[in-house]
Amino acid sequence: MNGKSTFSQLLASVLVNAVYAMINYPIMIVNTLLAPLSILVVITFVSHGALVGVGIEGALIMTMVSGGIGLQGDLSHLKNDFKMQDMVVSSPTSSLTYVAGMALSELVFSLPVLVLLSVLAAVYLHPTLLQTGIIIAVMSLMFIFSIVLGFLLSTFTSDIVQSWGFSGIVSVLLSTIPPVYYLITYIPLPFRYIAYISPTTYAAEIIQNAMGFLQISSINLVADWIVVIAATICLMYLSYKKARWREP
Amino acid sequence: MEGLSCRNLSKTYGNNTKALRGISLSFKGNGILAIIGRNGAGKTTLVRILSTELMPSKGSAEINGMDVINDPGSVRNIIAIVPQESRAIQWLTPMQSVMSYLLYRGFGYNESRKKASDALKMLGLKSNADKLNRLLSGGTKRKVMVATVLASDAKVIFLDEPTTGLDPISRNDLWNLLNKLKRDYLIVLTTHYLEEAEKLADKIGVMEQGRLMAFGSMDELRKKVRHQYSIRINDPGADMPATKEGTLIKGLDGSKQILTTEKEAFGISQYLIKKGVKFSTNPVSLEDIFYYIVKKPINETSEGDEDEW
Ligand SMILES: Nc1ncnc2c1ncn2[C@@H]1O[C@H](COP(=O)(O)OP(=O)(O)O)[C@@H](O)[C@H]1O
Ligand SMILES: [Mg+2]
């Protein structure tokens with residue numbers, strides 16, 4: 001397998017799952033923009049503008065997380081409703097290339113909203129180079145985490161309806177419960193621990209701390225990084241074990 | 001060796017369904033290998049194992065000398081499949097569908113465009129190439145799937161029930177196309193339309209409950225069954241001759257059919273001519289053979305497990 005054909009194979013997923021979908025159904029672009037922006041607007045209004053910065057970094061994290069949730073649905077749709085995965089399995093494309101291409105397609109799909117949020121971040125947050133680096137690192141980690149989770153879940157589902165069930169739950173765990181668009185200190189104490197179920201909470205804490213919205217101890221910060229990285233590695237290991245390219 | 005072979009393939013699914021019980025067959029060179037059998041016979045399971053999508057529980061298989069079980073990577077360079085119930089992706093055009101598949105096969109962008117356009121032309125899909133798949137008729141969508149695999153460099157092509165649900169004209173179109181292609185490809189075709197297998201196939205495998213009950217060309221299959229000739233009498237009131245070697249089948253419309261040996265068919269024909277009864281004599285069709293084979297109680301043939309076809 002040479003590099004050129006791997007590039008073609010990655011491109012195939014990006015075209016099928018993102019570019020062609022957006023060209024043929026432009027409404028999809030509106031849809032990707034709408035969800036994170038509407039929450040951002042609500043947060044800004046409710047806080048009288050005080051939380052706009054937190055809201056922007058929250059929207060950035062959530063866009064990354066939704067990549068994995070989208071991936072789960074898309075993989076299961078293409079596999080079960082069109083049998084496309086069966087065709088790809090019996091082609092020269094490897095499982096890793098296929099999943100990487102599909103992950104990339106989710107990123108391409110999020111490009112419009114990422115561009116918009118980056119502009120907003122530049123205008124409202126003026127991050128330093130270090131802060132930008134931290135934001136990008138955390139976003140990348142969250143992307144990998146959610147992509148791997150989405151992939152793992154998609155291997156368990158054989159029906160899109162079942163898949164929606166999973167993505168609904170994952171969506172609540174990763175994006176509704178965690179204080180991403182606001183600060184964790186807003187949650188009264190016994191309930192705060194529930195938020196710590198989700199890796200997105202830790203990711204948000206890292207960024208909020210870096211941007212100065214939240215002060216946490218350095219031991220806390222280290223713990224946050226460890227949790228996010230460990231959760232990602234654990235999931236990667238699980239999906240390496242569970243991945244079923246050729247059915248057993 | 002060019003061709004496809006498998007030995008003793010068995011598959012028991014996780015829920016304990018025994019879908020395949022020791023399938024052995026071999027097909028040399030190009031042509032059409034048809035697998036027939038009713039729903040649940042195990043056709044799809046066999047095809048999915050041969051196309052490296054599914055692991056068998058037991059047994060081995062080779063395509064062009066490459067090991068399907070242990071070296072799927074090599075096999076995948078030369079095979080392509082249109083899975084049962086696969087559909088052209090709704091939000092793509094035929095051009096985009098075929099192109100993206102070619103990219104998955106590792107062709108460059110421009111080459112994929114060119115090959116896709118050629119394949120669509122060959123299947124008469126040129127005028128539909130840039131419409132959305134979801135707007136096309138069922139037959140056209142199916143052709144898009146076939147164009148997709150034909151556009152590639154694959155030499156061994158699996159088509160799992162490609163004509164199920166097609167109208168007679170679309171089906172005929174596809175048959176003509178497959179007939180043209182069989183010189184250049186090894187096509188493994190599953191179907192439950194017996195006419196389709198009889199028309200197209202060089203070799204036919206008859207599957208029933210996970211077993212290969214018979215395998216061979218039409219002539220070879222005719223030799224395997226007890227009766228080689230079919231005599232049809234349409235007049236319900238006709239004076240029927242006795243048959244010693246054959247069986248009499250009564251049709252719903254009152255017509256009668258005698259399946260019998262060549263020797264007795266000759267005698268019966270003479271009798272019918274003498275009586276002035278109108279009748280027709282033909283070699284048995286695949287349909288006759290199929291019913292003969294699958295209607296037998298399964299234990300009568302179960303020792304055929306290790307049969308080598
Ligand atoms: N994934 C699966 N899990 C369990 N049983 C299956 C699975 N796929 C097929 N079967 C069973 O295996 C048998 C053969 O099925 P299949 O190969 O699809 O037959 P055909 O293609 O001839 O209709 C059937 O009894 C079917 O219910
Ligand atoms: Mg089938």
Side-chain angles (χ1 to χ4, degrees), chain A residues 1-29 31 74-75 77-102 104-105 109 156 158-160 244-248, chain B residues 11 13-14 44-45 47-57 68-69 72-93 95-97 99-109 111-112 130 132-134 145 148-149 152-154 156-158 160:
Chain A
M1 193 69 5
N2 57 42
K4 191 168 163 238
S5 61
T6 306
F7 176 79
S8 289
Q9 290 160 350
L10 292 170
L11 179 65
S13 295
V14 171
L15 288 177
V16 168
N17 204 39
V19 177
Y20 290 155
M22 291 199 273
I23 291 175
N24 297 342
Y25 294 166
I27 187 93
M28 303 293 284
I29 302 172
N31 174 52
D74 292 345
L75 283 177
H77 195 36
L78 289 169
K79 176 177 162 202
N80 301 311
D81 301 332
F82 300 104
K83 307 281 173 203
M84 188 183 96
Q85 191 170 312
D86 282 354
M87 296 181 74
V88 179
V89 168
S90 55
S91 84
T93 299
S94 72
S95 55
L96 191 65
T97 308
Y98 180 65
V99 176
M102 293 300 285
L104 217 53
S105 81
F109 210 82
F156 290 107
S158 52
D159 181 348
I160 188 72
R244 291 181 284 183
W245 190 233
R246 187 190 216 176
E247 277 173 46
Chain B
K11 178 70 191 178
Y13 282 109
T44 297
T45 304
V47 162
R48 296 191 76 222
I49 290 173
L50 293 175
S51 61
T52 75
E53 290 160 45
L54 181 69
M55 280 300 267
S57 312
V68 172
I69 318 301
S74 301
V75 174
R76 286 167 184 161
N77 287 319
I78 59 153
I79 64 167
I81 183 170
V82 178
Q84 184 174 16
E85 289 168 6
S86 64
R87 294 195 294 142
I89 293 171
Q90 313 258 45
W91 63 86
L92 305 185
T93 65
M95 182 68 192
Q96 292 168 344
S97 303
M99 247 202 83
S100 49
Y101 180 71
L102 294 178
L103 290 170
Y104 278 124
R105 293 207 72 96
F107 292 105
Y109 187 84
E111 201 179 358
S112 298
D130 296 318
L132 283 184
N133 286 328
R134 74 182 165 89
M145 298 311 295
T148 301
V149 291
S152 76
D153 50 342
V156 178
I157 288 178
F158 295 91
D160 196 355

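Computation of the quantities below employed the complete heavy-atom set of this structure, encompassing side-chain atoms and omitting hydrogens, waters and symmetry-equivalent molecules. The shown structure was predicted, so the numbers you read here are calculated from the model rather than taken from an experiment. Proteins come first, then strands; the chains are lettered A, B, ... in the order of their sequence lines, and each starts at number 1.
Taking B:Thr93, B:Leu102, B:Ile89, B:Val75 one by one and counting their heavy-atom pairs under 4.5 Å with chain A, the maximum is reached by B:Ile89. The most heavy-atom pairs under 4.5 Å with chain A, out of B:Tyr109, B:Phe158, B:Trp91, come from B:Trp91. With respect to chain A, the highest number of heavy-atom pairs below 4.5 Å among B:Met145, B:Lys11, B:Gln90, B:Gln96 belongs to B:Gln96. By number of non-hydrogen pairs under 4.5 angstrom with chain B, the leading residue of A:Leu11, A:Asp81, A:Leu78 is A:Asp81.
Neither the backbone nor the side chain of A:Ile23 comes within less than 4.5 Å of any heavy atom in chain B. Contacts between B:Thr148 and chain A at a heavy-atom distance below 4.5 Å involve the side chain alone, from C-beta outward. Interface residue B:Tyr101: only side-chain heavy atoms are found under 4.5 Å from chain A. If you measure heavy-atom distances from B:Ala88 to chain A, the contacts under 4.5 Å come from the backbone alone. Residue A:Thr97 does not touch chain B at all, counting heavy-atom pairs closer than 4.5 Å. Looking at B:Val68, both its backbone and its side chain come within 4.5 Å of chain A, counting heavy atoms on both sides. At a 4.5 Å heavy-atom cutoff, the contact between B:Leu54 and chain A is made by backbone and side-chain atoms alike. Contact annotation for A:Met87: both backbone and side-chain heavy atoms come within less than 4.5 Å of a heavy atom of chain B. Both the backbone and the side chain of A:Tyr20 come within contact range of chain B, judged by heavy atoms closer than 4.5 Å. Only the backbone of B:Gln84 has a heavy atom closer than 4.5 Å to any heavy atom of chain A. For B:Val149, the part lying under 4.5 angstrom from a heavy atom of chain A is the side chain only. Heavy-atom distances place both the backbone and the side chain of A:Val16 under 4.5 Å from chain B.
The shortest non-hydrogen separation linking A:Ala12 to B:Ser100 is CB-O, 3.5 Å. The shortest non-hydrogen separation linking A:Ser8 to B:Gly108 is OG-CA, 3.7 Å.
Contact annotation: the side chain of B:Arg48 approaches that of A:Asp86 to within less than 4.5 Å [non-hydrogen atoms, C-beta and beyond].
Remark: B:Arg105 CZ to A:Ser91 OG distance equals 6.0 Å, nearest 0.5 Å. Note that the OG1 atom of A:Thr93 and the OH atom of B:Tyr104 stand 7.0 Å from one another [nearest 0.5 Å]. Once rounded to the nearest 0.5 Å, the distance linking CG of B:Leu132 with CG of A:Asn24 reads 5.0 Å. Taking CZ of A:Phe82 as the start and CD of B:Glu85 as the end, the distance is 13.0 Å to the nearest 0.5 Å.
For the pair A:Arg246 (side chain) and B:Ile69 (backbone), a donor-acceptor distance under 3.5 Å is present. Here the side chain of B:Thr52 pairs no donor or acceptor atom with the backbone of A:Ser90 at under 3.5 angstrom. A distance-only check finds no donor-acceptor pair linking the side chain of B:Ser86 to the backbone of A:Lys83 [under 3.5 Å].
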